[in-house]
Participant: 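Attaching a single structure in structure tokens format; questions to follow.
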Amino acid sequence: MIEHDLFAALRARTVAALAELLPDLPGDAFARVLMEPPRDPSHGDMATNGALVVAKLAKQAPPRLAAALAERLAALPEVESAAPAGPGFVNLRLREGVLRAQLPVILAEGTRYGDGSVGARRKVDVEYVSANPTGPMHVGHCRGAVVGDALANLLAKAGWDVTKEYYINDAGAQVQALAMAAYWRYLQALLRTPAGAVPDAPALRAFAASDRGREAFEQAFGVALQYGGDYLVPVGEALAAEHGAALVPDGGGVPAGAALDAIRDVTVARMMVSIREDLAMLGVEQDVFVSEAALVRAGKLEQAEQVLADRGLIYRGVLEPPRGKTPEDWEPREQTLFRATQFGDEVDRPLRKSDGSGTYFANDIANHLHKIERGFAELVHVWGADHGGYVKRMQAAVAALSSNTVPLDVVLAQIVHVVKDGQPVRMSKRAGTYITLRDLIDEVGRDAVRFTMLTRKADAQMEFDLDKVVEQSRENPVFYVQYAHARCRSVLRGAGDPAAGDLALAPLDSLVDPAELALIRRLTTWPRTVEAAALAREPHRIAFFLHDLAGDFHVLWNRGREDTTLRFIREDEPQATRARLALVAATATVIRSGLAVMGVTPVEEMR
RNA sequence: GGACUCGUAGCUCAGCUGGAUAGAGCGCUGCCCUCCGAAGGCAGAGGUCGAAGGUUCGAAUCCUUUCGAGUCCGCCA
């Protein structure tokens, strides 16, 4: 039997057997039938709850049904024995060789082993990172970037047709504030250009002074510069080089109109270049970058409003103040509202600011209309946990726009607390203890960052200990998994790097040690791990699987230390050596495959 | 006041969408290097799954209530 996923194969046979035993049951009665690795290895190789699940519908006692099912399953060619157990499980022991026969399957499929079909090639849009383009990426963005990227890879592996997307929040107050800061840097840059090019405005010199310039600028324009960082210095220089003094309004006031647009557009473009460089360093390269401002300019907002209005989901109304805690400056105000409550949200949500422009939510509705129009069957977002309160309204909007045909899943990524020397590192722009993504990658390396970010469930808070992620010990899962792969590669190199196709032909009868069989069993659970993790949108499961797999391999390696007959390469036993090399090659392949989902590079040797 | 995410071993966390006796790492205890694959390995102790009810053959998992932590709460994104 050559099957890609042994568990899926035996499950299908179980369902078929049940259907024969219970011909009157409808086909969907078997949906909850599972074939799983048993928790206790003494129970056998696989266990199914099939009899338990359908017993009630079949009006039979579970143990009796389990016995009948076991009898049928025992007759399968793959099955050595099948026994009813407990409240109605059936435990299966596979015929010798069936497990081992997975090794040539793995070797033949290579890193495609584990590719699934649950996605059914449905188009899914995975949107993640989506940081404001107002500065460099920092560690706060990092987790969402890694989780989103790994999740996208995971869905692709499980059979979805994936688009990786970044939504650029380039319309709104934050970006206006950024433009003002860039304008200030531009004035500074102008002063360093030949005097003839600088307009004769006395204020200019004061704004651009190195010591009090910022305060003077803020006072004169009545703004607080939110983005004072040095990273805007080159932007100011670029503006000065390209436009000279042409962007300074006559009389030296606040730039507006085309001049402001130019400043903003150049600045945002520069920031996006920088962000994409940062993301590339992290190994994140998205397919599509959608600009909020471009959507607004294209009239997507009005179009989305029209869609909702046509369905009677928009009205003018006044919201109640939040119960219990009324904001100080609360006053009732008539607003354009979306009937989010019809789709499970707590309150209806405003779409327009008082100046007539769209709220962030309204613009994001336009963004989602854009996604739906592009034909995505499913939408997935990775957001920071601070956006948790935003989930229901967005799901309501997508449900409304798509008439409940397109599901939106939101994965919330909790805050990462960076720890160094046992002390939490406070993140503060003002105090300058602000860790950029680049700093982090420079310090511990891209692979360690990515792997570590996936060693927790996304919605669990996480400590990122800068010392531990580079530590070479068992405590560090990055090291532990990489070390297993390096050991595999070391063995294979020692054997002259045999081709996978050659090893796939090796007789495997000599693989009988419990540690060898445990490793093979683990390898056979890779396809179902991919499928379950993709359905749950939980890429961290891949990291845990790899950790377990590495553990099984290290156990085998260590057995070889005590018992030399268990070593992988034995000069006196060419047959056994080939069989073990096949096992080692399959292990390395699956580790590589898992690391690829995580976006981590497998290493050839530990240095 | 409400919403969302959590609460599992001393610590950090898994727990495969409701399954059998709840797991891993660290820490702790005890063993294991004259030599061969010890940046390690083997074994052990350690739990009323925050609490109380409920749903059913069966609950850490689902529902209700409650306690605690974090996040958020009309024109910030």
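What you see below is based on every heavy atom in this structure, not just the backbone, and it leaves out hydrogens, waters and symmetry mates. Order of the sequence lines sets the chain letters (A, B, ...), proteins ahead of strands, with each chain counted from 1.
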Participant: For A/R456 and B/G7, give me the distance from atom CZ to atom P, rounded to whole Å.
Facilitator: 13 Å
Participant: Do we see A/F89 stacking on the base of B/G19, given a limit of 5.5 Å between centres and 30° between planes?
Facilitator: no
Participant: Under 4.0 Å, counting only non-hydrogen atoms across every strand here, what does A/P350 touch: a base, just sugar-phosphate, or nothing?
Facilitator: sugar-phosphate
Participant: Measure from the side-chain heavy atoms of A/A536 and tell me the nearest of B/U17, B/A39, B/A77.
Facilitator: B/U17
Participant: Using purine N1 to pyrimidine N3 plus N6-O4 or O6-N4 for Watson-Crick, or N1-O2 and O6-N3 for G-U wobble, both under 3.5 Å, which nucleotide pairs with B/C26?
Facilitator: B/G10
Participant: Round to the nearest Å and state the distance from A/L52 atom CG to B/G58 atom C1'.
Facilitator: 8 Å
Participant: Tell me whether the side-chain N or O atoms of A/H387 pair up with the base of B/A77 as donor and acceptor below 3.5 Å, since no angle test is needed here.
Facilitator: yes
Participant: Among A/D364, A/L379, A/V410, A/N367, which residue satisfies the side-chain contact (heavy atoms from CB on, under 4.5 Å) criterion with A/M394?
Facilitator: A/D364
Participant: Taking the inter-plane angle between the rings of A/W383 and A/H381 on a 0 to 90° scale, is it parallel (under 30°), tilted (30 to 60°) or perpendicular (over 60°)?
Facilitator: tilted
Participant: Using a distance-only criterion (donor-acceptor N/O pair, under 3.5 Å, no hydrogens), is the base of B/A20 paired with the side chain of A/N91?
Facilitator: yes
Participant: Check whether the ring centres of A/H43 and A/F89 lie less than 6.0 Å apart, and answer yes or no.
Facilitator: no
Participant: Using atom C1' of each nucleotide, how far apart are B/U8 and B/G46 to the nearest Å?
Facilitator: 14 Å
Participant: When the P atoms of B/A9 and B/G47 are compared, how many Å lie between them, rounded to an integer?
Facilitator: 10 Å
Participant: Is the shortest side-chain N to carboxylate O distance from A/D45 to A/R93 below 4.0 Å?
Facilitator: no
Participant: State the syn/anti category of B/C33 according to its glycosidic angle, syn meaning within 90° of 0.
Facilitator: syn
Participant: What nucleotide, of B/A20, B/C16, B/A3, holds the atom closest to the side chain of A/E346?
Facilitator: B/A3
Participant: So, under a plain 3.5 Å distance rule, would you say the side chain of A/Y390 forms a donor-acceptor pair with the base of B/A77?
Facilitator: no
